K.L.:
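Sending over a structure as structure tokens; questions will come in a sec.
Atoms within a ligand are numbered from 1 in the order they appear, just like the ligands themselves. Everything numeric here is computed off the predicted structure, so don't read it as measured data. Worth knowing before you read on, the calculation uses all heavy atoms, side chains too, and leaves out hydrogens, waters and symmetry mates.
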Amino acid sequence: MLPRCAVGVCHVLMLVLCVSAAEDFDWTKNHHGSFYYGTFPAGFSWGAGGSAYQTEGAWDKDGKGLSIWDVFSHKKGKIQQNDTGDFSCEGYYKVKDDVSLMKELRLNHYRFSISWPRLLPTGIKSDHVNEKGIQYYDHLINHLLENKITPIVTLYHWDLPQVLQEKYGGWQNISMVNYFNEFANLCFERFGDRVKYWITFNNPWSVAVEGYETGEHAPGLRLRGTGAYRAAHHIIKAHAKVWHTYDTQWRGKQKGLVGIALSGEWGEPVDISNQKDIEAAERYVQFHLGWFATPIFHGDYPQVMKDFIGRKSVQQGLGTSRLPTFSPQEKSYIKGTCDFLGIGHFTTRYITQKNNPSGRSSSNYFSDRDLAELVDPRWPDPGSEWLYAVPWGFRRLLNFVKTQYGNPMIYVTENGVSEKMLCTELCDEWRIQYYKDYINEMLKAIKDGVNVKGYTAWSLLDKFEWDEGFSERFGLYYVDFRNKNKPRYPKASVQFYKRIISSNGFPNQREVENWRRKAVETCSSSNQLLAAARRKSQEHAEMPKVWPVHDEV
Ligand code: NOJ
């Protein structure tokens with residue numbers, strides 16, 4: 001998520017002719033508006049995703065320890081409506097139900113994360129391994145495989161064990177590298193016979209910036225100017241260590257892949273004839289995606305980050321840069337630790353150059369970049385305040401990855417759009433439009449030569465959306481959070497995505513238009529079902545509540 005402060009800068013209408021500076025493909029050939037009918041390479045993997053804290057619930061069940069998100073969400077005023085993930089979708093109890101939804105969609109893969117404190121309640125392996133937690137993930141993995149759905153498993157989707165935060169300061173402390181490595185090693189040992197796609201970290205940008213710099217996310221620290229850089233430094237080292245552990249100890253027998261999932265929003269220069277704007281837009285991407293990808297692919301931070309943060313640190317009278325440095329040994333250890341790159345992409349910004357003063361009090365990650373973010377008010381923004389639908393940015397970002405990092409194997413690990421909580425409308429035509437256009441831009445990128453192997457719609461279910469609580473719904477399936485059973489209802493986008501999957505792309509205009517029409521027709525009956533269920537639950541509001549029938553874990 002992009003912080004509101006950054007987006008709020010200015011909502012300005014800009015009429016800009018968008019052509020690119022990249023050399024190896026011609027943007028102008030495919031005008032923004034043009035739709036490309038065609039199919040994806042054979043074997044392309046279609047999926048959907050979610051994460052432990054956002055969907056599982058069962059926050060204090062079966063021996064699970066507390067995570068920083070359990071603690072943060074219980075503090076008043078941190079989350080919209082003071083929502084918590086205590087129950088969320090009750091995914092912990094609904095493995096079979098949810099796998100049926102995936103089958104309905106004909107998914108090839110499902111992306112989920114393992115809750116570290118569910119396996120290791122204190123975060124530390126030598127303290128205690130919670131076998132009930134292991135059993136839950138065994139059950140989920142086995143059930144997916146029985147249904148021919150490949151698990152793509154994230155080891156860290158933000159839920160650090162609280163004990164590690166309290167004792168050591170979490171990702172501010174280098175000791176996390178070894179604790180995380182032990183946790184990862186346990187996962188390889190217990191699940192690696194069946195799991196072949198591992199993601200070390202999900203969106204470390206958010207962990208670093210929102211967890212340790214702005215404090216909008218757990219653990220809520222506001223260490224301006226240093227907190228994010230330090231957290232990221234340790235996360236990159238932890239990622240590399242886990243990759244090496246897999247490489248030396250497990251790859252031989254398990255034959256899996258280890259990658260990282262980075263968020264990457266695209267930055268387009270406001271004025272493409274202005275060199276300063278072009279450089280500012282490049283800086284925007286380098287400070288976001290490049291911050292993590294450049295060390296992992298090339299061994300060190302982007303030169304532009306070293307230059308800008310270094311210069312500003314000197315101007316502030318600091319002896320060393322606020323951006324930590326890697327030793328030569330660390331650089332070679334980190335370089336090349338990525339079997340595939342996960343990309344989470346949602347939106348785009350226009351970027352212009354803007355000098356920020358570098359006084360001690362004003363220095364922070366955002367001001368270090370010397371740029372301003374702008375949006376075109378004509379861009380659709382149906383849900384989250386930061387999320388504007390700008391499909392063409394996706395193709396540009398994917399091409400950027402190809403040229404900057406040597407055309408790595410890419411899995412799109414997140415892409416999707418939200419709507420507001422109050423919207424009980426299952427006929428989500430705007431989501432259909434979003435998926436259709438974004439997936440089409442990904443297809444164009446593959447035709448450009450980008451090595452994308454799979455796509456993960458974000459998300460399978462409506463779920464806990466971090467500091468926004470339940471107020472923003474990203475799901476293909478609607479979840480009625482007011483009902484204790486947390487029933488799921490298909491939105492129209494389920495039907496549409498299912499067609500894309502079965503056709504492995506977009507066969508022709510007539511068919512794709514038919515899919516849209518049919519999807520919207522079927523959802524009106526789901527709408528009625530949902531409305532009836534809501535009326536009924538209101539009528540029975542006084543009656544004793546019945547709990548869901550749970551799968552055996
Ligand atoms: C990225 C995060 O990884 C995910 O958990 C979240 O739901 C999406 N952004 C949407 O904000």
K.L.:
Could I get the full list of salt bridge (Lys or Arg N to Asp or Glu O under 4.0 Å) partners for Arg118, not counting sequence neighbours?
P.N.:
Glu56
K.L.:
Decide whether His74 and Asp86 meet the rule of one side-chain donor and one side-chain acceptor closer than 3.5 Å.
P.N.:
yes
K.L.:
What part of Glu414, side chain, backbone, both or neither, has a heavy atom within less than 4.0 angstrom of ligand 1?
P.N.:
side chain
K.L.:
Applying a 4.0 Å heavy-atom criterion (strictly less than), which segment of Trp205 is in contact with ligand 1: side chain, backbone, both, or neither?
P.N.:
neither
K.L.:
Please answer whether the main-chain N or O of Gly133 pairs with a side-chain N or O of Lys64 as donor and acceptor at a distance below 3.5 Å.
P.N.:
no
K.L.:
Check this for me - ligand 1, Asn203, N or O atoms closer than 3.5 angstrom, yes or no?
P.N.:
no
K.L.:
Check whether any N or O atom of Trp466, backbone or side chain, sits under 3.5 Å from an N or O atom of ligand 1, and answer yes or no.
P.N.:
yes
K.L.:
Under 3.5 Å between any N/O of Ser51 and any N/O of ligand 1: does that happen in this structure?
P.N.:
no
K.L.:
Closer than 4.0 Å to some heavy atom of Lys463 - which atoms of ligand 1 meet that?
P.N.:
7 (O)
K.L.:
Could you tell me which atoms of ligand 1, counted from 1 in the order shown, lie closer than 4.0 angstrom to a heavy atom of Gln54?
P.N.:
4 (C), 5 (O), 6 (C), 7 (O)
K.L.:
Taking Gln81 for its side chain and Ser471 for its backbone only, find out whether a donor-acceptor pair lies under 3.5 Å.
P.N.:
no
K.L.:
May I ask you to check whether Asn415 and Tyr455 show a side-chain donor-acceptor distance below 3.5 Å?
P.N.:
yes
K.L.:
What atoms of ligand 1 come within less than 4.0 Å of a heavy atom belonging to Trp158?
P.N.:
2 (C), 3 (O)
K.L.:
Can you confirm if the NZ or CZ of Arg516 lies within 45° of the ring axis of Phe496 and under 6.0 Å from the centre of its six-membered ring?
P.N.:
no
K.L.:
Classify the side-chain pair Ser493/Asp428 by whether it contains a donor and acceptor separated by less than 3.5 Å.
P.N.:
yes
K.L.:
Looking at ligand 1, would Phe464 count as a contact under a 4.0 Å heavy-atom criterion?
P.N.:
no
K.L.:
Any heavy atom of Glu472 closer to ligand 1 than 4.0 angstrom?
P.N.:
no
